[in-house]
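Below: one structure, written as structure tokens.
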Amino acid sequence: MTVIDTHAHIVPPDMLKTLRKNSAQYGVTFTGDEQKPIVQLAGSSYIRPLPMFLTHLDQRIATMDRQGVDRQILTGWVDFSAYTMPLDLGIRFSELQNETIAAVVAGNPQRYLGAANVPLRDARSAIKVLQDAAAKYDFRAAQIATYLGPNRFLDDPSLDPFWAATQEMGTFLIFHPYDEQRPAGLHDFFLHNCIGYPLATTTAIVRMMFSGVFDRFPNLQIKVPHAGGFLPYQIERFQHAADFRPEPRSKGFKGRPVDVLKKLYYDTITFSPATLRYLIDLVGADRLMLGSDFPFEMGDPDPVASVKAVVDEAHRPAVLGGTAAKLMGCSCCV
Ligand SMILES: [Zn+2]
């Protein structure tokens, strides 16, 4: 059995090198210095230090060995989703990201699988970039940030062709929150992460639910990060709203929120055996996959132990890697 980490981030060293050399061509502005670069993407006022540990390949393998993780699914740094870039730059930026992630995978194919980034501000372009990444690099997954920009969310009707295409292709969609748009009150105390991330995830999924995306595309394969954000833990509140208020049903949603939850996948990042046990009771162990959020300090440093502490032996192989292997079309790992 192969242990697969479904929540791991990377900025490939070759991507950073190319961006530094051709920053204007890729719509990137660097400030700071070599050790602590600060990046800004065209079309965004958001400025953020690039954590250089995202680029360190040797430390990555050493950590995986220590954790007992055989393979990581490499997704980009979510701040490099680049949805607010002008479209031509966003396409180029995604293509560079996919090409350089593919090179890291090709350099160590026993340890890595790749996930694409797509220019999601435009569904047709996102489909094209995804299809190219599938054809050229055999990528079966894509990372999806939880909104497109100010007041454009993942229930935006313009994304329907993208959901249709990914359903058809069987793409494993790895959702991830970010804080390109930081809500009021979250600027202090690291709340942009502790509250903002689970909030953005919850907002994305519930908007898709109530607007009928999951009814129109019932076979999407979506993994919700950080054990579902706030959603599983407030699910009966959404049910109550759907029972007693007209708004959640205003676009034709007829189902039960908990039934939607049972069709999604989740990683195991809860920092709490009791919380993980609750999630399993709610959606079933077959919907869970090991995740660490490598290499961030908000990650689970010992994800295999977290799974073993809670998941019974019968379901353990699936949670540790079997379910992820199936979604990645990776017969060698099952
Ligand atoms: Zn993450």
Side-chain angles (χ1 to χ4, degrees), residues 3-12 15 39 41 46 48-57 59-60 63-64 67 69 71-83 94 97-98 101 104-105 112-118 120 139 141-147 154 172-182 186 190-205 222-232 264-272 275-276 279 288-304 306-307 319 324 327-328:
V3 175
I4 300 178
D5 185 351
T6 64
H7 192 151
H9 301 283
I10 189 168
V11 172
M15 180 183 186
V39 292
L41 306 187
Y46 185 64
R48 182 158 181 181
L50 194 165
M52 285 300 285
F53 52 71
L54 279 162
T55 68
H56 297 159
L57 296 181
Q59 288 174 21
R60 179 177 297 266
T63 303
M64 290 166 65
Q67 292 174 333
V69 167
R71 304 180 86 164
Q72 285 182 343
I73 301 174
L74 298 177
T75 58
W77 183 35
V78 74
D79 297 82
F80 273 173
S81 301
Y83 297 164
S94 285
Q97 196 159 180
N98 297 342
I101 287 178
V104 174
V105 175
Y112 299 131
L113 294 156
N117 193 65
V118 295
L120 201 60
F139 281 3
Q143 177 166 259
I144 304 293
T146 42
Y147 46 81
L154 297 185
F172 178 28
L173 297 169
I174 299 174
F175 276 33
H176 202 286
Y178 65 159
D179 57 348
E180 175 84 28
Q181 312 290 323
R182 193 171 288 188
L186 304 187
F190 205 60
L191 298 185
H192 72 280
N193 185 301
C194 304
I195 295 176
Y197 272 24
L199 176 64
T201 298
T202 304
T203 304
I205 297 295
I222 292 173
K223 193 199 72 165
V224 195
H226 311 124
F230 296 132
L231 185 53
L264 304 172
Y265 294 96
Y266 305 83
D267 65 35
T268 50
I269 304 167
T270 61
F271 309 108
S272 158
T275 308
L276 194 54
L279 183 60
L288 266 66
M289 299 179 224
L290 180 142
S292 76
D293 218 345
F294 178 93
F296 290 101
E297 60 272 68
M298 286 302 287
D300 183 342
D302 203 352
V304 174
S306 298
V307 169
V319 177
L327 288 172
M328 294 299 283

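All ligand and atom numbering here is 1-based and tracks the order in the structure.
- Separating the CG atom in L288 from the OG1 atom in T6 is a distance of 9.5 Å, to the nearest 0.5 Å.
- Residues meeting the ring pair (Phe, Tyr, Trp, His ring centres under 6.0 Å) test with F172, sequence neighbours left out: none.
- In terms of the ring pair (Phe, Tyr, Trp, His ring centres under 6.0 Å) criterion, Y265 has no residue partners (sequence neighbours excluded).
- Residue pairs meeting the side-chain hydrogen bond (donor to acceptor under 3.5 Å, both in side chains) criterion with at least one partner in residues 291-300, sequence neighbours excluded, are D5-S292, H7-D293, H9-D293, H226-D293, D300-S306.
- The number of protein N, O or S atoms lying under 2.8 Å from the Zn ion (ligand 1) is 4.
- Between the CG atom of D79 and the CG atom of D179 there is a distance of 6.5 Å, given to the nearest 0.5 Å.
- A ring-ring contact (aromatic ring centres under 6.0 Å, His included) with Y178 is found for one member of Y197, Y46, Y147 and no other, namely Y147.
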